[in-house]
Amino acid sequence: MTSESADTATGAGQGATASGRPGDPEAPSAWELRLRRFGHRPRPHGSARDRLVVPFQEPGTRIWELLGLKPDVARRAARWTGWGGPLLVAVFAGVLRFYRLGSPRAVIFDETYYAKDAWALLHLGYEGTWPANANTLILQHPQQIPLSSAPSYVVHPPDGKWVISLGEWMFGLNPFGWRFMLALLGTLAVLMLCRIGRRLTRSTAIGCLAGVLMSVDGLEFVMSRTSLLDLIVMFWVLAAFGALLVDRDKARERLAAALPDSGRADPQAAWSARLGLRPWRLAAGVLLGVACATKWNGMFYLAAFAVMSVLWDVGARRVAGAGSAFAAMLRRDALPAFLSLVPVAFATYLVSWSGWFLTGNGYYRHWADHLGGPWAWIPAPLRSLWHYQHQVYLFNINLSQPHTYQSNPWSWLVLGRPVSYFYESPKPGQDGCTAAGGCAREVLALGTPLLWWSACFALLYLIYRWAMRRDWRAGAVLCGVAAGYLPWFNYQQRTIFLFYAVVFVPYLCLALAMMLGAALGPRGAPERRRMWGAVGAGTLVLLIVWNFIYFYPLYTGMTIPLDAWRNRMWLDTWI
């Protein structure tokens, strides 16, 4: 996002005075004057309709014309990039994620829980039990699958395991099968991020840049190739974020249509306009419910995105002219927003337990069958499920058993303690090892260091954009990071891991892409300024790609000399 595009999308730079009526300026307050010393810009004004509905910029044709295309063909090719660019980035990400997906041929880290639970759901409808040597029996030739119908106590809802089971249904209970859906969702998440970034910034280039950055992030890459639940949460949350962005645009279009023909702000229209059925917000409620039904940290996003959505409505009604925009939101938007998100998400969560309800054999399924008491009017299966959820809650908040790779959330953004999912030390002549000093094979859940460290500065930049430039897009991205990151500070006594951070990786990539877009400078800037901005931004992107390539052996379990492995341990805490 260039500075020009940022100002355009928020309505700045349209030549209007502070009051929104040329020739009728409104004097700024003393506090606003003081803030301007630190870069604050006053709220942009102009046509209310133009500020509510910001169009996508017509794509440039210069590159296509330089390639020899005729002007009309170049215009069609430029319009194609809105989908063509994101699709190309997604193909690139997919090739990376699906290449040698079955390697290492092992049950790595917590795959030992989720891959087997997914198979049990597929065949029993609930999580069964497995013997201690189940992993060995599953990987041996001929394969044995020692699944017992006795119910197993599990501490995460079933939706993510149902997703994993689709890959096992297609390809069997093997590493490729239980990782297939994760690789597919990881690839589709890149495609979604490109399109979300495009809608957020009105720039296809910035959207595709965010997608490229996530394609080469080591943490998202490793999680896309490992059968764990956190990437599935990330996928549904990102989809909900995109749905809410579309809902925001649609709602503002309806509000703009309710204004007078002049397009000027109208307090009566802004106060009384009904925005009607909002299917994209309903879709967000379903998606957030599915996220909660994968892991409970999806509830933080449900709360954060619900608040963000109604604040967007406040902003829209204020732009339209409502004297008390917050009161207008409470009157017209608050209840529909709540009903579209919270009850819908709750119903979706209950539906995810259908296998547990219908089979009648899940853990605690019959706990309340013969219980009386004041709650006896509630159906026994629902009371049994409530008891199960309460037990899971107690387990999760009291999980404090020390683990070698646990980490404090203070260290996550700087990658203080990554998690090793798999490690072997092949001797010379084993597994392709040719080094006299021995070799190493590791799958390390480590974000691409230069990307994450640069994203720390990008977050500071977005805080500035949000606080001083009133850039709602910066606030939206910060909300995506905060909802996935800040809640963990309340559980510092709990055993937690860096890979939980994968849920907010897309927003780190958006933040960095927006900062790099601003580094290019506005279109009207001197050519020298834009040239050096492009050189700086391009150099950083190339360094990030190189950084991903350098650590690629640690992301995929490749056999490398032990000295090469040590060279990649940049911090002592990575070992």
Side-chain angles (χ1 to χ4, degrees), residues 106-118 127 129-130 132 134-135 152-161 164 178 182 218-220 222-234 237 291-301 303 363-364 388-423 442-447 452 481-505 508 554-555 569 571-575:
V107 180
I108 64 176
F109 201 62
D110 281 355
E111 285 185 341
T112 188
Y113 304 116
Y114 308 126
K116 291 182 293 189
D117 283 346
E127 292 88 344
T129 56
W130 301 79
N135 294 348
S152 175
Y153 176 72
V154 294
V155 295
H156 292 299
D159 180 78
K161 290 164 281 189
I164 294 169
W178 63 63
L182 277 298
L219 183 59
E220 202 272 352
V222 170
M223 297 298 286
S224 297
R225 293 168 55 88
T226 310
S227 188
L228 272 65
L229 301 179
D230 300 85
L231 182 122
I232 302 175
V233 178
M234 180 272 282
V237 165
C292 296
T294 301
K295 285 187 79 172
W296 281 2
N297 55 326
M299 290 189 290
F300 299 127
Y301 276 97
Y363 204 85
Y364 280 137
Y388 195 175
Q389 305 307 292
H390 182 252
Q391 295 302 309
V392 169
Y393 171 76
L394 294 177
F395 173 87
N396 278 298
I397 64 171
N398 294 313
L399 180 62
S400 57
Q401 182 178 354
H403 192 284
T404 303
Y405 293 106
Q406 70 183 64
S407 59
N408 191 286
W410 287 104
S411 69
W412 287 1
L413 288 178
V414 294
L415 303 174
R417 183 59 170 165
V419 181
S420 180
Y421 288 171
F422 170 83
Y423 184 85
E442 184 170 28
V443 175
L444 187 65
L446 171 72
W452 282 65
V481 176
Y485 183 41
L486 297 184
W488 292 109
F489 286 90
N490 193 45
Y491 300 100
Q492 295 187 61
Q493 76 285 355
R494 185 187 184 276
T495 306
I496 54 180
F497 302 92
L498 171 63
F499 66 80
Y500 295 173
V502 72
V503 71
F504 60 81
V505 163
L508 294 181
L554 299 188
Y555 298 145
M569 295 296 105
L571 301 178
D572 292 340
T573 55
W574 292 2
I575 299 175

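Side-chain atoms are counted along with the backbone in the values below, which use heavy atoms only and exclude waters and symmetry mates.
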Does [X] [atom1] have over 12 foreign heavy atoms under 6.0 Å away?
{"X": "Tyr393", "atom1": "OH", "result": "no"}
{"X": "Tyr113", "atom1": "OH", "result": "no"}
{"X": "Gln401", "atom1": "CD", "result": "no"}
{"X": "His390", "atom1": "NE2", "result": "no"}

ask   = Counting only N and O atoms by type, is there a donor-acceptor contact under 3.5 Å from the side chain of Gln492 to the main-chain atoms of Phe489?
value = yes

Atom pair [atom1]/[atom2] of [X] and [Y] - distance to nearest 0.5 Å:
{"X": "Tyr491", "Y": "Asn396", "atom1": "OH", "atom2": "CG", "answer": "9.0 Å"}
{"X": "Ile108", "Y": "Trp178", "atom1": "CD1", "atom2": "CH2", "answer": "9.5 Å"}
{"X": "Thr294", "Y": "Tyr114", "atom1": "OG1", "atom2": "OH", "answer": "11.0 Å"}
{"X": "Leu182", "Y": "Arg225", "atom1": "CG", "atom2": "CZ", "answer": "11.0 Å"}
{"X": "Ser407", "Y": "Trp488", "atom1": "OG", "atom2": "CH2", "answer": "10.5 Å"}
{"X": "Trp296", "Y": "His156", "atom1": "CH2", "atom2": "NE2", "answer": "10.0 Å"}

task = Step by step, work out the side chain to side chain contact (heavy atoms under 4.5 Å, CB included) result for Tyr485 and Leu413.
result = CA-CA 9 Å; Tyr485 183 41; Leu413 288 178; 3.8 Å; yes

[X] vs [Y] side-chain heavy atoms within contact, under 4.5 Å:
{"X": "Ser420", "Y": "Leu444", "value": "yes"}
{"X": "Leu508", "Y": "Trp452", "value": "yes"}
{"X": "Tyr421", "Y": "Glu111", "value": "no"}
{"X": "Leu228", "Y": "Phe109", "value": "yes"}
{"X": "Ile232", "Y": "Ile164", "value": "yes"}
{"X": "Met234", "Y": "Glu220", "value": "yes"}

key: Working for side chain to side chain contact (heavy atoms under 4.5 Å, CB included), residues Val503 and Met223   = CA-CA 10 Å; Val503 71; Met223 297 298 286; over 6 Å; no

message = The test is side chain to side chain contact (heavy atoms under 4.5 Å, CB included); show your working for Ile496 and Trp412 and say whether it passes.
response = CA-CA 11 Å; Ile496 54 180; Trp412 287 1; 4.0 Å; yes

task = Walk me through it: do Leu446 and Val222 pass the test side chain to side chain contact (heavy atoms under 4.5 Å, CB included)?
result = CA-CA 8 Å; Leu446 171 72; Val222 170; over 6 Å; no

Identify the two heavy atoms, one from [X] and one from [Y], that lie closest to each other, and give their separation to 0.1 Å.
{"X": "Pro157", "Y": "Lys295", "answer": "CD-CA, 4.3 Å"}
{"X": "Val419", "Y": "Leu498", "answer": "CG2-N, 4.3 Å"}
{"X": "Thr129", "Y": "Ser152", "answer": "CG2-CB, 3.7 Å"}
{"X": "Asp230", "Y": "Phe499", "answer": "OD1-CE1, 3.2 Å"}
{"X": "Lys116", "Y": "Trp130", "answer": "O-CZ2, 3.3 Å"}
{"X": "Pro487", "Y": "Ala482", "answer": "CD-O, 3.2 Å"}

message = For the aromatic rings, using the six-membered ring if either is Trp, is the centroid distance between Phe497 and His403 under 6.0 Å?
response =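 Ring centres of His403 and Phe497 closer than 6.0 Å.
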
query = Any chance the side chains of Asn408 and Arg417 put a donor and an acceptor closer than 3.5 Å?
reply =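 Side-chain D/A pair, Asn408 to Arg417: absent.
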
query = Given Asn135 and Thr112, is the side-chain hydrogen bond (donor to acceptor under 3.5 Å, both in side chains) satisfied, shown in steps?
reply = CA-CA 7 Å; Asn135 294 348; Thr112 188; 3.1 Å; yes

